[in-house]
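Structure, as structure tokens:
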Number of protein chains: 2
Amino acid sequence: MTPRPYSPVNRRRAVDAGRDRILDAALQLLQRDFAAFSLDAVARKAGITRMTVYNQFGSKAGLLEELFDQLVTRGAFADMPAVFAEPDPGDALELFVEILGRFYSENRSVLSRMRAAAGSDPDLDEAMRKRNERRRRGIETLVQRLDPRQRPSVPDGELVNTLDVLLSFNTFDSLAGPERTPSDVAQLVRRLVRGVLGGRNPGPLRTRPKKRGSRRK
Amino acid sequence: MTPRPYSPVNRRRAVDAGRDRILDAALQLLQRDFAAFSLDAVARKAGITRMTVYNQFGSKAGLLEELFDQLVTRGAFADMPAVFAEPDPGDALELFVEILGRFYSENRSVLSRMRAAAGSDPDLDEAMRKRNERRRRGIETLVQRLDPRQRPSVPDGELVNTLDVLLSFNTFDSLAGPERTPSDVAQLVRRLVRGVLGGRNPGPLRTRPKKRGSRRK
DNA sequence: TGACGCATTATACTCTATGTATAATTACAT
DNA sequence: ATGTAATTATACATAGAGTATAATGCGTCA
């Protein structure tokens, strides 16, 4: 009945190493060719059995979730604290854009594959949604710090939504291309953000507003 | 050797009716519950055999492609000619946003499902990409019509890319929500577009630019 | 009417993939 | 040596896409 003491430290270590090898295998497969990505392929690449993957991660969605979290805890996101330490909200936003841009371009292929996988897996979809919430909350915080008198004439909620779209992986992914480097994209997005923040009810789209008469064609 | 003449008009009619019933069934399944969407389910709902679906559409991707095309030829896109007939390029863009917004919200659930399906189907992915190209070309045309002196200080290529992102289904889908009607979203996107077009190198993001000295922190 | 063209059906496969179940094995801990 | 827990081997179940083939049904045309 009373279980005897058992603290398998080395054991844990070995198991964790195994987890990492699985995550690495998954990462590589997602980077190289998405088509070849399956739990079976991951297991083979990691040199273990498919059953072990289920043991450790429960499901495909579980594996991808943990992989995402691992990507976040390393790399570009390391600089995130600086964003919220930055006293000027404008600068903070600039930095935020920059960090997100770096994160997106560092992990572009993987994120692209994950988005795809989430499309046909409700669990994973929900998980990714939750993680996007974090970004949104970050934006909310930054927006609230903006000087009220300088805020554009949109309700805060809509402002947050708009910024959230502009700072999404989708936007970066669409804007990035062969001849547009990650920093180019970040610059472009910064310009968009400025347009949203600075543009207080810009006029209508008519490009030649006051040329009298002469409705051509 | 010489095939004898054969013009099965009534036959064609019956077959086409069958195709429409399949497309309808697919549409309804995609609208109601995506999880239940499979060629088997479509066939059952249409009252025919799965083999017939393959006969008519070749594959799942083929079915979805034709479904998309059918959505485009009806509904909101009917007003598209007016966009390019509109002499003022600014007004044309406004109208373009409006029509796209209507199309996206009319078919939101279906488009969302299709995007998901395209994620795990390279064929469909390519097909959707091709169809997005059309929108892009439309934007290109409209941008070229803009008065050069009024164009923002960005190269045309980047301007087109940016607009393309803003007018994508993704943007609308992200911005739409429970308390934001389609026309609200269209308005929001129009504002974004204005920001891009009108905003000629807006200043940096700092919100309190000239408060002398006092670089806090 | 009878033969032909062609779409549909019924049936039976093949593949790939996720996920579950279970007993045996292995590695570590005490 | 014995308990603990992860891993493995193996077998199934389920689901979906796609292919193959023979039979059937239905317009079409001579």
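Both backbone and side-chain heavy atoms feed into the values below; hydrogens, waters and symmetry mates do not. We name chains A, B, ... by the order of the sequence lines, and we start the count at 1 in each one.
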- Message: Using a distance-only criterion (donor-acceptor N/O pair, under 3.5 Å, no hydrogens), is the base of C/dA29 paired with the side chain of A/Arg11?
- Response: no
- Task: Go through the structure and list residues passing salt bridge (charged side-chain N to carboxylate O under 4.0 Å, His left out) with B/Arg129, not counting sequence neighbours.
- Result: B/Asp125, B/Glu126
- Message: At 4.0 Å (heavy atoms only), tell me whether B/Asn55 reaches a base, stays on the sugar-phosphate, or touches nothing.
- Response: base
- Note on the structure: Between A/Val97 and the options A/Val185, A/Leu192, A/Val189, the side-chain contact (heavy atoms from CB on, under 4.5 Å) test singles out A/Val189
- Can you list every salt bridge (charged side-chain N to carboxylate O under 4.0 Å, His left out) pair that touches residues 55-68 of chain B, not counting sequence neighbours? B/Arg19-B/Glu66, B/Glu65-B/Arg131
- Salt-bridge contact A/Arg194-A/Glu94 (side-chain N to carboxylate O under 4.0 Å): yes
- Is any side-chain N of the basic residue among A/Arg102 and A/Asp79 closer than 4.0 Å to the acidic one's carboxylate O? yes
Return the value, rounded to whole Å, for the distance between atom [atom1] of [X] and atom [atom2] of [N].
X: B/Ile48; N: D/dG25; atom1: CD1; atom2: C1'; result: 16 Å
X: B/Arg44; N: C/dT9; atom1: CZ; atom2: P; result: 15 Å
X: A/Arg21; N: D/dA6; atom1: CZ; atom2: P; result: 17 Å
X: B/Arg13; N: C/dC6; atom1: CZ; atom2: P; result: 18 Å
X: B/Phe57; N: C/dA7; atom1: CZ; atom2: C1'; result: 13 Å
X: A/Arg12; N: C/dA29; atom1: CZ; atom2: P; result: 12 Å

- At how many degrees, to 10°, do the end axes of the helix from C/dT1-D/dA30 to C/dT30-D/dA1 meet when each uses five pairs? 10°
- Message: Could you check whether any side-chain N or O of B/Ser174 sits under 3.5 Å from a backbone N or O of B/Asn170, counting only pairs where one atom can act as donor and the other as acceptor?
- Response: yes
- Quick one: list whatever passes side-chain hydrogen bond (donor to acceptor under 3.5 Å, both in side chains) with A/Asn161, sequence neighbours left out. A/Arg136
- Has A/Asn10 got a side-chain N or O lying under 4.0 Å from the OP1 or OP2 atom of C/dA29? yes
- Query: Looking at B/Thr52, does any N or O in its side chain come under 4.0 Å of the phosphate oxygens OP1/OP2 on C/dT9?
  - Reply: yes
- Message: Going by ring pair (Phe, Tyr, Trp, His ring centres under 6.0 Å), name the pairs with one or both residues in residues 70-113 of chain A, residues two or more places apart or in two chains.
- Response: A/Phe77-A/Phe103, A/Tyr104-A/Phe169, A/Tyr104-A/Phe172
- Per-nucleotide protein contact string for nucleotides 16-23 of chain C (B base, S sugar-phosphate only, - none; heavy atom under 4.0 Å): --BBBB--
- Task: Kindly indicate whether the side chain of B/Leu197, heavy atoms from C-beta on, has any atom under 4.5 Å from the side chain of B/Leu93.
- Result: yes
